[in-house]
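First the proteins, then the strands, lettered A, B, ... as listed; each starts at 1.
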There are 2 protein chains.
Amino acid sequence: MVQKYQLEDKVLLAVDCIIFGFDEEDLKILLIKRNFEPEKGKWSLMGGFLKRHENLNIAANRILYQLTGIEQIYMEQLYAFSEVDRDPAERTISVAYFALINIKEHDKALIDKYSAKWFSVTELPELIFDHSEMITKAIKRLRYKTSKKPIGFELLPEKFTMRQLQKLYESILGEKLDKRNFINKINALDILIKLEEKDMNSSRKGSFLYQFDAEKYQQKVEEGFSFKL
Amino acid sequence: MVQKYQLEDKVLLAVDCIIFGFDEEDLKILLIKRNFEPEKGKWSLMGGFLKRHENLNIAANRILYQLTGIEQIYMEQLYAFSEVDRDPAERTISVAYFALINIKEHDKALIDKYSAKWFSVTELPELIFDHSEMITKAIKRLRYKTSKKPIGFELLPEKFTMRQLQKLYESILGEKLDKRNFINKINALDILIKLEEKDMNSSRKGSFLYQFDAEKYQQKVEEGFSFKL
DNA sequence: CTCCTTAAGTGTTAATTATACATTTCCAAA
DNA sequence: TTTGGAAATGTATAATTAACACTTAAGGAG
């Protein structure tokens with residue numbers, strides 16, 4: 001490739017990943033203890049640098065895979081953070097990505113191996129650089145997206161109860177919802193399959209399990225529906 | 001500054017600006033004839049490279065100023081475009097920004113000087129690289145923002161008629177709106193000042209002019225209201 | 001000076017959607 | 001068999017949104 005813009009400044013381009021998970025109680029974020037300088041030993045988002053042959057989406061997925069063993073998940077670009085001194089070591093622009101995963105489906109061993117740890121969004125530790133700001137922005141975006149598309153399903157196990165789904169929405173939105181209204185709305189969407197099966201952990205009576213009906217959902221998206229909670 | 005990440009690839013970071021304007025009829029975008037290779041002579045968004053001492057917001061404003069003489073306007077980061085071959089000359093990641101301006105308020109002479117030209121969003125020419133994609137994304141974002149905040153006022157002259165405001169919304173949203181419902185909603189927001197003055201160009205009867213009441217708007221924002229059209 | 005033209009201005013009703021709210025059912029364990 | 005605890009369920013009211021058509025004002029033409 002011919003170099004045409006030789007007089008221009010080049011910069012390091014980092015990618016930082018905000019990984020949301022849900023454990024039936026709280027919305028959580030996956031963080032790691034940074035194992036290189038500067039700020040070695042402090043908590044950080046999963047980050048790495050863009051390589052010559054990658055676009056940002058690919059870099060985000062590679063970095064996540066390298067640091068946690070998690071692969072092939074839905075990731076979305078959030079924002080480019082570019083304050084001149086955001087990384088004291090060297091001028092670095094960071095593009096933040098965020099992803100949603102089901103905590104239980106991802107191999108705990110691999111996560112432990114890299115000293116990754118889940119933190120509730122309400123109890124985050126101090127983070128390096130501008131990572132707190134990134135998280136704040138990601139939560140805001142997640143709330144918005146949740147109100148437009150039923151995005152939360154990535155965060156739940158394949159089979160889940162209405163109670164779990166409601167808890168998930170409550171922890172994303174940060175507010176309590178009315179049970180009956182919630183169920184009515186979800187049912188009105190008509191994108192869940194009610195199973196015969198019951199989850200017997202939560203109560204004696206047991207509660208019915210549901211599955212997300214990807215096919216019906218796809219169909220509705222094509223018809224141009226907009227999810228509103 | 002110590003260089004700590006010496007083994008990492010560096011890249012060129014460009015900024016491209018999508019400038020929306022409105023001329024009482026159509027939503028328009030400001031484009032320039034690119035005056036350097038590659039693709040010299042083709043239509044392009046306003047673009048330039050991030051410099052060492054700037055963050056992206058500052059770079060976006062500088063670039064816009066250099067290319068059009070327009071300064072101190074509201075700009076917002078849109079998205080980072082990073083396909084490996086998006087610029088055939090050299091690997092370049094581009095962060096797109098968008099802005100809203102009032103066409104008439106900005107000095108035509110300066111714009112002409114740089115061969116900038118306004119194009120209706122419905123009649124865009126062929127553009128270099130991935131600039132069309134950037135514009136598509138910007139329009140989508142503009143539509144969204146318009147439905148949340150009364151952002152459109154930047155696009156109108158200081159004094160405007162209800163008809164103009166409605167036309168603006170229609171061209172942003174790409175659909176016709178009902179006149180009475182539109183006026184009712186706008187009035188319900190209570191952020192316009194109705195002037196005594198009339199605009200006599202559009203009809204024999206003349207139509208009242210309005211002004212955006214920035215103070216009332218600010219107050220409402222603080223009270224946490226959300227604009228919904 | 002009367003009539004015509006043209007866009008401005010104006011409210012009501014029906015339909016839909018959102019909210020608030022309390023009781024009964026089921027099942028396992030004691 | 002009784003009991004405790006969460007699951008399941010529906011309705012009435014309020015709020016919002018959508019649909020809809022006639023009158024008014026004023027300049028220009030005849």
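A search for ring pair (Phe, Tyr, Trp, His ring centres under 6.0 Å) contacts involving B/F160 returns B/F153, not counting sequence neighbours. B/F81 meets the ring pair (Phe, Tyr, Trp, His ring centres under 6.0 Å) test with B/Y79; sequence neighbours excluded. By the side chain to side chain contact (heavy atoms under 4.5 Å, CB included) test, B/E25 is found to be paired with B/D23, B/K167, residues two or more places apart in sequence or in another chain being considered. Under the rule for a ring pair (Phe, Tyr, Trp, His ring centres under 6.0 Å), B/Y65 has no partner lying at least two apart in sequence or in another chain. Residues forming a ring pair (Phe, Tyr, Trp, His ring centres under 6.0 Å) with B/F208 (at least two apart in sequence, or on another chain): none.
Summarising the geometry, the separation between CG on B/L165 and P on C/dA8 is reported as 13 Å, rounded to the nearest angstrom. Taking atom CE on A/M200 and atom P on C/dC26, their separation rounds to 13 Å, with Å as the unit. What separates CD of B/Q164 from P of C/dA8 is a distance of 10 Å, to the nearest Å.
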Base, backbone or nothing for each nucleotide of nucleotides 2-12 of chain D, written B, S, -, heavy atoms under 4.0 angstrom, 5' to 3'? --B-BBBBB--
